[in-house]
*Asks:* 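Submitted below is the structure of interest, expressed as structure tokens.
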Amino acid sequence: MTSTARPPLDPKTRARRELIVTLVGGMLAGPTEAVCLMPVDVIKTRLQLGMGPPGMLPLARHIIKEEGVRALWKGCSVFAGHLFTKYIVRWGCASKLSQMFRDKDGRLNFQRRFAAGATAGILESILIVTPFEVVKTRLQQQKGTSNLYYKGPVDGMRKIVRDEGVKALWKGVIPTASRNMFNMSSNLAFKPVFDKAAWGHEPGMPPLPTWKTLITGCFSGCMGPLMNMPLDVAKTRMMAQKTVAGELPKYQGTFHCIKTVATEEGITALWKGYFPRVARVGPGFAIQWGVIDVTTKCWPVLFPNWYSA
């Protein structure tokens, strides 16, 4: 008896199922990235706050000597939860918006990719990123491993809300949204550019090997920090400062923060933590693209009829 091949899905249903696969890949990428890159994020935050000796390696040695190796993973649980939920929003929005922003011929040029990424970056910042990063920054700001004010992510969030109000969880939302807008827009827009330049690959061709996706994903991820490092410094400073009733905060807004840092510490202070940030963001996007790529390739093997009617 001969088997009858199942007909393909209609375009709208296929697009919905592709979105689901992308969401699953994004969710898996979050905890993977957190565990692999948490030490770099801790070092970047400490450098931006002026805590410890300058330079990645000297600061890493200082943290390990004074606080132990585990201190390099401070805030890892909140970071993993942050990335898990953020990438649901990030890659879900990016995938859906990329479908919506296509022209009438179904093409997605550089400008439309950039717009889709920018919109996804703003949405993830407001909905997910800012509250998680406020808590993560406060946890990483603490020195030592005992007698800490914030005992963990939940305790940290509870105390921030109790001491400073719910609005404190959205401190630095403007620089965060601006930063993530550049990060995601440049990542989505430049990934096909690097794919073509490095491997001669264009949209519509068979997928690249995963190792090639990792390389160009890393390069596209590095484009954002080139443009928005001062915003990242402002974001970290504003999130770290506590709100005290009756006192005017030192940093009163994004541009006021950038101006104050440049005036007091010099213009180069706005690029504090640049190298650890590139070491965090570039490989971070590589992990995201790589995990989503592997998920996309494995999904039809695990679910053979996923793309059939």
Side-chain angles (χ1 to χ4, degrees), residues 9 13-42 72-99 113 116-117 119-121 123-125 127-133 135-136 153 180 183-188 190-192 194-195 201 203 206-222 224 277 279-307:
L9 295 171
T13 304
R14 183 178 179 86
R16 283 197 297 269
R17 295 196 179 184
E18 287 176 346
L19 174 61
I20 292 171
V21 176
T22 302
L23 284 172
V24 173
M27 288 189 291
L28 294 173
T32 305
E33 181 180 338
V35 172
C36 293
L37 300 178
M38 191 71 212
V40 182
D41 194 75
V42 170
L72 291 173
W73 276 266
K74 267 187 179 177
C76 189
S77 58
V78 70
F79 193 42
H82 160 210
L83 295 184
F84 179 86
T85 51
K86 177 171 83 171
Y87 291 166
I88 294 174
V89 177
R90 167 178 288 181
W91 291 103
C93 289
S95 181
K96 185 65 177 177
L97 289 166
S98 294
Q99 294 170 9
R113 285 183 182 277
T119 307
L123 288 173
E124 72 176 19
S125 301
L127 297 174
I128 302 293
V129 176
T130 305
F132 274 99
E133 291 224 355
V135 177
K136 175 176 71 71
N180 282 31
N183 280 351
M184 195 58 189
S185 59
S186 58
N187 180 48
L188 271 191
F190 281 101
K191 176 65 165 59
F194 286 125
D195 284 343
H201 184 272
L208 289 168
T210 302
W211 68 270
K212 290 185 176 182
T213 297
L214 286 169
I215 292 172
T216 49
C218 182
F219 277 109
S220 64
C222 289
R277 182 165 177 240
R280 232 287 293 138
V281 175
F285 272 114
I287 290 171
Q288 292 168 54
W289 282 109
V291 173
I292 290 172
D293 181 68
V294 170
T295 304
T296 302
K297 290 173 179 175
C298 290
W299 201 266
V301 178
L302 297 172
F303 306 97
N305 296 323
W306 184 255
Y307 294 118

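These numbers come from the heavy atoms of this one structure, side chains and all, not from hydrogens, waters or symmetry mates.
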*Asks:* Would T216 and W289 count as a side chain to side chain contact (heavy atoms under 4.5 Å, CB included) here? Give the steps.
*Replies:* CA-CA 9 Å; T216 49; W289 282 109; over 6 Å; no

*Asks:* For N183 and N187, what are the C-alpha separation, side-chain angles and deciding distance, and is it a side chain to side chain contact (heavy atoms under 4.5 Å, CB included)?
*Replies:* CA-CA 6 Å; N183 280 351; N187 180 48; over 6 Å; no

*Asks:* Is it true that a side-chain atom of R17 and a backbone atom of Y307 form a donor plus acceptor pair closer than 3.5 Å?
*Replies:* no

*Asks:* Return the minimal non-hydrogen interatomic distance between G224 and S186, and the atom names on each side.
*Replies:* N-OG, 3.3 Å

*Asks:* Is the backbone N or O of P192 less than 3.5 Å from a side-chain atom of H201, with the two atoms forming a donor-acceptor pair by type?
*Replies:* no

*Asks:* What distance do R16 atom CZ and K96 atom NZ have between them, rounded to the nearest 0.5 Å?
*Replies:* 8.0 Å

*Asks:* Does NZ belonging to K212 count more than 12 external heavy atoms closer than 6.0 Å?
*Replies:* yes

*Asks:* Would you name the heavy atoms of L208 and D195 that are closest together and state the gap between them?
*Replies:* CD1-OD1, 3.5 Å

*Asks:* To the nearest 0.5 Å, how far apart are CG in L23 and CD1 in I292?
*Replies:* 9.0 Å

*Asks:* So which heavy atom on A120 is nearest to which on A94, and how close?
*Replies:* CB-N, 3.9 Å

*Asks:* What's the shortest heavy-atom distance between I88 and M27, and which atoms?
*Replies:* CG1-CG, 3.2 Å

*Asks:* Taking all non-hydrogen atoms of both residues, which atom of M38 and which atom of C76 are closest, and how far apart?
*Replies:* SD-CA, 3.7 Å

*Asks:* If we only count heavy atoms from C-beta on, is the S98 to L188 side-chain gap below 4.5 Å?
*Replies:* yes

*Asks:* Are there over 12 heavy-atom neighbours, none belonging to F132, within less than 6.0 Å of that residue's CZ?
*Replies:* yes

*Asks:* Could you tell me whether a side-chain N or O of T85 sits under 3.5 Å from a main-chain N or O of H82, the two making a donor and an acceptor?
*Replies:* yes

*Asks:* Is there a side-chain contact between P300 and W306, using heavy atoms and a 4.5 Å cut-off?
*Replies:* no

*Asks:* Enter the distance from C222:SG to F190:CZ here, rounded to the nearest 0.5 Å.
*Replies:* 12.0 Å

*Asks:* What closest approach, in Å, do N180 and S125 show between heavy atoms, and which atom pair accounts for it?
*Replies:* CB-OG, 3.1 Å

*Asks:* To the closest 0.5 Å, what do you measure between OH (Y87) and CD1 (I128)?
*Replies:* 12.5 Å

*Asks:* Quick one: CD on E33 to CZ on F285, what's the gap to the nearest 0.5 Å?
*Replies:* 8.0 Å

*Asks:* Do D41 and L37 come close enough that some side-chain heavy atom pair is under 4.5 Å?
*Replies:* no

*Asks:* When rounded to the nearest 0.5 angstrom, what distance separates NZ in K191 from OG1 in T213?
*Replies:* 4.5 Å

